[in-house]
Amino acid sequence: MKISFSKAKPEGRELLFVDLVLGDRKELVREGEKKILMLPIGKREEMTRRKLILTIRKVVAEAKANKIKKAAVTFDEFVFQKLKIDNGELAELMAVNFEMANYQFVTYKTPPKEGFDFVEEMIVVGNPSKSVQDAFTRGQIIGKEVNAVRELANTPGGDMTPRILAEKAQQAAKGTSVKVTVLKKSEIEKLKMGGVLGVAKGSIEEPRFIIAEYRGSGKLKPIVLVGKGVTFDTGGVSLKPADSMIGMNLDMSGGAAVIHTVILAAKLKLKRNVIALVPAVENMPSGSSYRPNDLLRTMSGKTIEVLNTDAEGRVILSDALTYAKRYDPTLVIDVATLTGAAMVALGQRASAIFTKDDTLAKQVSDLGEESGDYVWRLPLWEEYESEVKGTFGDVTNIHNKNSRYGGSINGAIFLYQFVKEAGYPWMHIDMAPRMEAVADEALSQGAAGAPVRLLIKLLERGV
Ligand code: BES
Ligand code: ZN
Ligand code: ZN
């Protein structure tokens, strides 16, 4: 969408002017040619940053619902003193959320005669300084990158195989300074990534290991972002029930998020070195699938005792976390739609975060609030480690007594087995809860694009 600025209130037949009003009554007023939407925001003193984000999105959602291509708002109406958001930050927040609210997955839909209901232009009434205008531009860049993640995730599994995901990463990096390297099966074999190879065995689609590197600073040690790239998760021979399989094309959301975070870092010219690592596989049942009781030798040398082939994300991530060590990173964060149990714990409002580092946990929680990618911390205590001790192998990929309690913690403690000897801080983000948007957040159905906004803030601010 185009975002333009106007000192005076624009007029025109095709234009929808959106005014924020106190109370709870929404109303569409027509004054001659003019259409004005009164968008209610409740009580002024009850405004929060979370509500503000939703209000910004609703401007676009309402314009879309009214099939209006051009909308206008007054910048100052979005300034709430008590929220202590400066104008630059507000501008960025507005642009990010305008873009996010305007996205819809229509690639496979026949366009209606009058075209899809996207807002083409947003006019901001006010007199923004150059730096505020730049903040709008930055926000748009961020919002579009979030939407690129949603587009990849929403694409059906048959059209988003490991090979295609890797190609999409290469295409997306074109014209930026991001270098994408794609390792094919033979190279993955040479690296002895038994976890990636094990999960990939059941599919005719070969695995890929995608590496995206952005070097925006000469000397700083890099931050490595690892993303789960399961392009479709049937569960494998521990097959998922039909209902639970719906949406499992989104199981590469973490992978898409980290690839686009690196590309976004390049577009924003951040002075950081950032690397995304994405093991990409399809988890399929077939005569060549990996099986329960298989013992997989991972790149680290540790063996995984497979007790359920549906706990495949952690199996492929173990190799990526080992591969990460070669970068001598200052921080490693993995992002994965790892467990349904995270959704049982948190609902669909926040991703679960796990780390031993209290300072990092606090920082990420705060940036979650700031960015709109909300997170909530769950424990990673050493008591849990006994639950993944193997009988015939080193680590079991589910609770070794098959307990279903604390499933999300169990996934995290498994991953921890592959980083605990490394000296760098590590965080695991189980983004399963935020894989899909929920009804009342003014986003279209499907992928939510988490946690790109959070990750980019973390890279901007530094750790
Ligand atoms: N991809 C799923 C987790 C998931 C479920 C993400 C629903 C988003 C929505 C993951 O690979 C999986 O199947 N996990 C199992 C683990 C279990 C076998 C220990 C789960 O959550 O049931
Ligand atoms: Zn699974
Ligand atoms: Zn999965």
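Every number for a ligand or one of its atoms is a count from 1 in the order of the listing. If you read the sequence from its start, that first residue is 1, and numbering goes on from there. In what follows, every heavy atom counts, from backbone to side chain, and hydrogens, waters and symmetry copies are set aside. Bear in mind that the values here come from a model prediction, so they are computed numbers and not experimental data.
In summary, the atoms of ligand 1 found under 4.0 Å from a heavy atom of E312, numbered by their order in the structure, are 11 (O). Close contacts between ligand 1 and M435 involve ligand atoms 8 (C), 9 (C) [criterion: under 4.0 Å to a heavy atom]. Close approach of ligand 1 to T337 is summarised as follows: ligand atoms under 4.0 Å from at least one heavy atom of the residue are 1 (N), 2 (C), 3 (C), 6 (C). Set against the non-hydrogen atoms of T339, the atoms of ligand 1 under 4.0 Å away are 3 (C), 21 (O). Residue N308 has at least one heavy-atom neighbour below 4.0 Å for each of these atoms of ligand 1: 18 (C). Taking every non-hydrogen atom of A432 and a distance limit under 4.0 Å, the qualifying atoms of ligand 1 come out as 6 (C), 8 (C). Below 4.0 Å from some heavy atom of K240 lie the following atoms of ligand 1, by number and element: 2 (C), 12 (C), 13 (O).
F354 and Y416 have their aromatic ring centers separated by at least 6.0 angstrom.
Other residues, nucleotides and ligands contribute over 12 non-hydrogen atoms within 6.0 Å of the NZ atom of K69.
Within the 4.0 Å heavy-atom cutoff, M248 counts among the residues contacting ligand 1. At least one heavy atom of M343 sits closer than 4.0 Å to an atom of ligand 1. For L338, the closest heavy-atom approach to ligand 1 falls below 4.0 Å.
Protein non-hydrogen atoms do reach within 4.0 Å of atom 14 (N) of ligand 1.
Note that CD1 of I353 is 7.0 Å distant from CD1 of I429, once rounded to the nearest 0.5 Å. From I275, atom CD1 reaches atom CD of E213 across 4.5 Å, with rounding to the nearest 0.5 Å.
Residue-to-ligand polar distances place D233 within reach of ligand 1: an N/O pair is separated by less than 3.5 Å. On a distance-only criterion, D251 and ligand 1 share at least one N/O pair closer than 3.5 Å. Between R314 and ligand 1, no pair of N/O atoms sits closer than 3.5 Å. When only interatomic distances are considered, the shortest N/O to N/O separation between A311 and ligand 1 does not fall below 3.5 Å.
Among the atoms of V230, no N, O or S atom falls under 2.8 Å of the Zn ion (ligand 3). Among the backbone and side-chain atoms of D251, an N/O/S atom is found under 2.8 Å from the Zn ion (ligand 3).
Just one residue in the list P156, P207, P162 forms a side chain to side chain contact (heavy atoms under 4.5 Å, CB included) with T231, and that residue is P162.
Of the protein's non-hydrogen atoms, D310 O, 3.2 Å is the one closest to atom 12 (C) of ligand 1. Summary of contacts: the protein heavy atom closest to atom 19 (C) of ligand 1 is I398 CG2, 3.4 Å. Counting protein heavy atoms only, atom 21 (O) of ligand 1 is closest to G340 N, 2.7 Å.
Side-chain atoms of D251 do not come within 3.5 Å of backbone N or O of F232 as any donor-acceptor pair. S203 places no side-chain N or O within donor-acceptor distance of the main-chain N or O of A200, the cut-off being under 3.5 Å. Formation of a donor-acceptor pair under 3.5 Å by the K356 side chain with backbone atoms of L380 is found in this model.
Heavy-atom minimum distance, K271 versus L220: O-CD1, 3.8 Å. Nearest heavy-atom pair across V182 and R208 is CG1-CD, 3.5 Å.
For K302 and E421, the salt-bridge test passes: some basic side-chain N is under 4.0 Å from an acidic carboxylate O.
Aromatic ring orientation, H428 versus W426: parallel (interplanar angle below 30°, classes split at 30° and 60°). Note: W381 and Y384 have parallel aromatic rings, judged against thresholds of 30 and 60 degrees for the angle between ring planes.
Using a 4.5 Å heavy-atom cutoff, the side chains of T261 and V274 are not in contact.
Contacts with ligand 1 closer than 4.0 Å are made by no heavy atom of R404, backbone or side chain.
If you put the vertex on the Zn ion (ligand 2), OE1 of E312 and O of D310 sit 70° apart, to the nearest 10°.
As for D233, its N/O/S atom nearest the Zn ion (ligand 2) is the one called OD2.
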